Asker: 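First the structure, then my questions, so here it is.
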Amino acid sequence: MSALANKQNPSPVASAQPAAKIVPFSGKHGSRFNLRQAGLTAVCNVVPPIAVLALVLLVWQVLCSSADASLPSPHQVWQESYDLIAYPFFNYGPQDIGLGWRVLVSLQRVAYGFGLAAVAGVIIGAIIGQSVWAMRGLDPIFQVLRTVPPLAWLPLSLAAFQDSSPSAIFVIFITSIWPVIINTAVGVRNIPQDYRNVAEVLRLNQLEFFWKIMLPSAAPYIFTGLRIGVGLSWLAIVAAEMLTGGVGIGFFIWDAWNSSRLPDIIVALAYIGIVGFALDKLVAALGKLVTRGAMAS
């Protein structure tokens, strides 16, 4: 009887056990860990290039510090081209402007030529990828034309347009369109058959199939071609401007060579490299955003 009573009425000692304490979760440790990890990643990505650059500058300074050196040393470049480095947007006249303005002029031409190449390349590549007959007829011709150097197109473009600015834009267009066409065609040919079957079940027309099936599936290939194309565009505009003139960065290099200003040429090359690197990273970031990380970096 007492045992049954004890079962039904627990002892006060047993019921007086303290309840479990609820500790609110705070994300401080997680945020600290993420912040530390981000800092380590930044250090690992920034420190090695800076160290290599410092080593290159040191070797360059040692090799070119003598009086009979054919190239200027980094110290000489800094002394003689300080205005170009420190003030990229000065404007003292039609031809006496900073390298920042010259880069913007070149970028404007690249935007026109590469924009046209991107649109036309995606459309033509989609047609080649979809049609076997188009691929057999056009692919060999495109494979031959894409091997023509950019400057080889310049005389024809000057004869056709009779003006330097559209000629340079055409050279950019004809140089950058080939990787866009080829990569788009490969991406369209690699669309899974299941996607095509779904399009047939839903009875999508050609325009709907292009926007809803083809472009999303081939986007990683398309942006790979765009990334290659924008690099070729920047190479082509610098080479074309050396011959067509104007106020672009390419003509500045040619004019500096004619005036024997080697330090100015080195500074301009640094500008070209930095801008080309930025363009590549911009297209790569846009590709990752559109493809949700499916594009290879």
Side-chain angles (χ1 to χ4, degrees), residues 49-50 53-54 56-58 60-61 63-117 150-151 153-155 157-158 161-173 175-176 230-283:
I50 292 178
L53 179 61
V56 170
L57 292 176
L58 178 62
W60 179 12
Q61 179 67 35
L63 294 178
C64 298
S65 59
S66 61
D68 57 346
S70 57
L71 293 177
S73 65
H75 181 67
Q76 184 180 353
V77 172
W78 177 262
Q79 284 185 329
E80 297 185 12
S81 302
Y82 175 78
D83 289 341
L84 294 177
I85 300 172
Y87 307 104
F89 292 101
F90 68 84
N91 189 350
Y92 299 140
Q95 286 294 334
D96 192 8
I97 60 176
L99 288 181
W101 295 117
R102 296 180 183 276
V103 167
L104 291 178
V105 172
S106 299
L107 283 176
Q108 184 180 12
R109 293 172 177 169
V110 169
Y112 290 145
F114 177 68
L116 293 174
L151 291 183
W153 295 100
L154 189 58
S157 62
L158 287 172
F161 296 105
Q162 300 293 320
D163 192 6
S164 60
S165 183
S167 299
I169 293 174
F170 174 78
V171 170
I172 296 169
F173 170 83
T175 303
S176 59
V230 74
L232 294 177
S233 299
W234 190 236
L235 294 176
I237 187 58
V238 173
E241 286 178 345
M242 287 185 178
L243 301 180
T244 58
V247 295
I249 189 70
F251 178 73
F252 174 82
I253 293 177
W254 188 249
D255 184 62
W257 165 252
N258 291 329
S259 302
S260 300
R261 302 195 311 267
L262 292 182
D264 291 355
I265 295 177
I266 294 174
V267 174
L269 292 179
Y271 272 83
I272 292 172
I274 293 172
V275 173
F277 177 79
L279 289 175
D280 178 76
K281 292 301 180 182
L282 179 62
V283 175

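Keep in mind that this is a model prediction, so the values were computed, not measured.
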Asker: Measure across Gly100 and Tyr271 and return the closest heavy-atom pair with its distance rounded to 0.1 Å.
Answerer: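 Heavy atoms only, the tightest pair is N-CE2, 4.4 Å.
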Asker: Name all residues meeting the ring-ring contact (aromatic ring centres under 6.0 Å, His included) criterion together with Phe170; count only those two or more places apart in sequence or in a different chain, and write none if there are none.
Answerer: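 By the ring-ring contact (aromatic ring centres under 6.0 Å, His included) rule, Phe170 matches Phe161.
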Asker: Which pairs, with at least one residue in residues 230-240 and sequence neighbours excluded, count as a salt bridge (Lys or Arg N to Asp or Glu O under 4.0 Å)?
Answerer: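 Every candidate salt bridge (Lys or Arg N to Asp or Glu O under 4.0 Å) pair involving residues 230-240 fails, so no pair, neighbours aside, qualifies.
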Asker: Check whether any side-chain heavy atom of Ile169 sits under 4.5 Å from a side-chain heavy atom of Val110, and report yes or no.
Answerer: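 Side-chain contact under 4.5 Å: no.
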Asker: Can you tell me how far the OH atom of Tyr112 sits from the OG atom of Ser165, to the nearest 0.5 Å?
Answerer: 8.5 Å
Asker: Scan the side chains in residues 237-254 for donor-acceptor partners under 3.5 Å anywhere in the protein, sequence neighbours excluded, and list what turns up.
Answerer:
from: Glu241; atom 1: OE1; to: Ser106; atom 2: OG; distance (Å): 2.9
from: Glu241; atom 1: OE1; to: Ile249; atom 2: N; distance (Å): 3.2
from: Glu241; atom 1: OE1; to: Gly250; atom 2: N; distance (Å): 2.9
from: Glu241; atom 1: OE2; to: Ser106; atom 2: OG; distance (Å): 2.9
from: Glu241; atom 1: OE2; to: Arg109; atom 2: NH1; distance (Å): 2.9
from: Thr244; atom 1: OG1; to: Ala240; atom 2: O; distance (Å): 3.0

Asker: Can you name the side-chain hydrogen bond (donor to acceptor under 3.5 Å, both in side chains) partners of Thr175, sequence neighbours left out?
Answerer: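 Listed in chain order: nothing, the list is empty.
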Asker: Sequence neighbours left out, what passes side-chain hydrogen bond (donor to acceptor under 3.5 Å, both in side chains) with Arg102? Give chain and number order.
Answerer: none
Asker: How far apart are the C-alpha atoms of Leu104 and Phe89, what are their side-chain angles, what is the distance that settles it, and do they pass the side-chain contact (heavy atoms from CB on, under 4.5 Å) test?
Answerer: CA-CA 10 Å; Leu104 291 178; Phe89 292 101; 3.9 Å; yes
Asker: If you look at every heavy atom in Asp264 and Ser81, which pair is closest and at what distance?
Answerer: OD1-OG, 2.6 Å
Asker: Residues two or more places apart in sequence or in another chain: which of them pass side-chain hydrogen bond (donor to acceptor under 3.5 Å, both in side chains) with Ser259?
Answerer: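 So Ser259 forms a side-chain hydrogen bond (donor to acceptor under 3.5 Å, both in side chains) with Arg261.
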Asker: Any non-hydrogen side-chain atom of Trp257 less than 4.5 Å from a side-chain atom of Leu262?
Answerer: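 Side chain of Trp257 against side chain of Leu262, heavy atoms only: contact under 4.5 Å found.
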Asker: Please examine the side chains of Leu57 and Trp60, heavy atoms only from C-beta on, and report whether any two atoms are closer than 4.5 Å.
Answerer: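 Trp60 reaches Leu57 side chain to side chain.
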Asker: Taking side chain to side chain contact (heavy atoms under 4.5 Å, CB included) as the definition, give me every residue that meets it alongside Ile85, ordered by chain and number, with sequence neighbours left out.
Answerer: Trp78, Val267
Asker: Go through the structure and list residues passing side-chain hydrogen bond (donor to acceptor under 3.5 Å, both in side chains) with Asp163, not counting sequence neighbours.
Answerer: none
Asker: Taking only distance into account, with no hydrogens and no angle test, what donor-acceptor pairs under 3.5 Å do side-chain atoms of residues 69-77 form with protein atoms, sequence neighbours excluded?
Answerer:
from: Ser73; atom 1: OG; to: Gln76; atom 2: N; distance (Å): 3.3
from: His75; atom 1: NE2; to: Gln79; atom 2: NE2; distance (Å): 3.1
from: Gln76; atom 1: NE2; to: Glu80; atom 2: OE2; distance (Å): 2.9

Asker: Only counting residues at least two apart or in another chain, list the ones meeting side chain to side chain contact (heavy atoms under 4.5 Å, CB included) with Phe90.
Answerer: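 Per chain and number, Phe90 pairs via side chain to side chain contact (heavy atoms under 4.5 Å, CB included) with Leu84, Tyr87, Tyr92, Asp96.
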Asker: Strictly by salt bridge (Lys or Arg N to Asp or Glu O under 4.0 Å), give each pair with a member in residues 265-280 just once, sequence neighbours left out.
Answerer: Arg227-Asp280
Asker: Which heavy-atom pair separates Phe114 from Ile172 by the least distance, and what is that distance?
Answerer: N-CG2, 3.8 Å
Asker: Between Ser167 and Ser157, what is the shortest heavy-atom contact and its length?
Answerer: OG-O, 3.2 Å
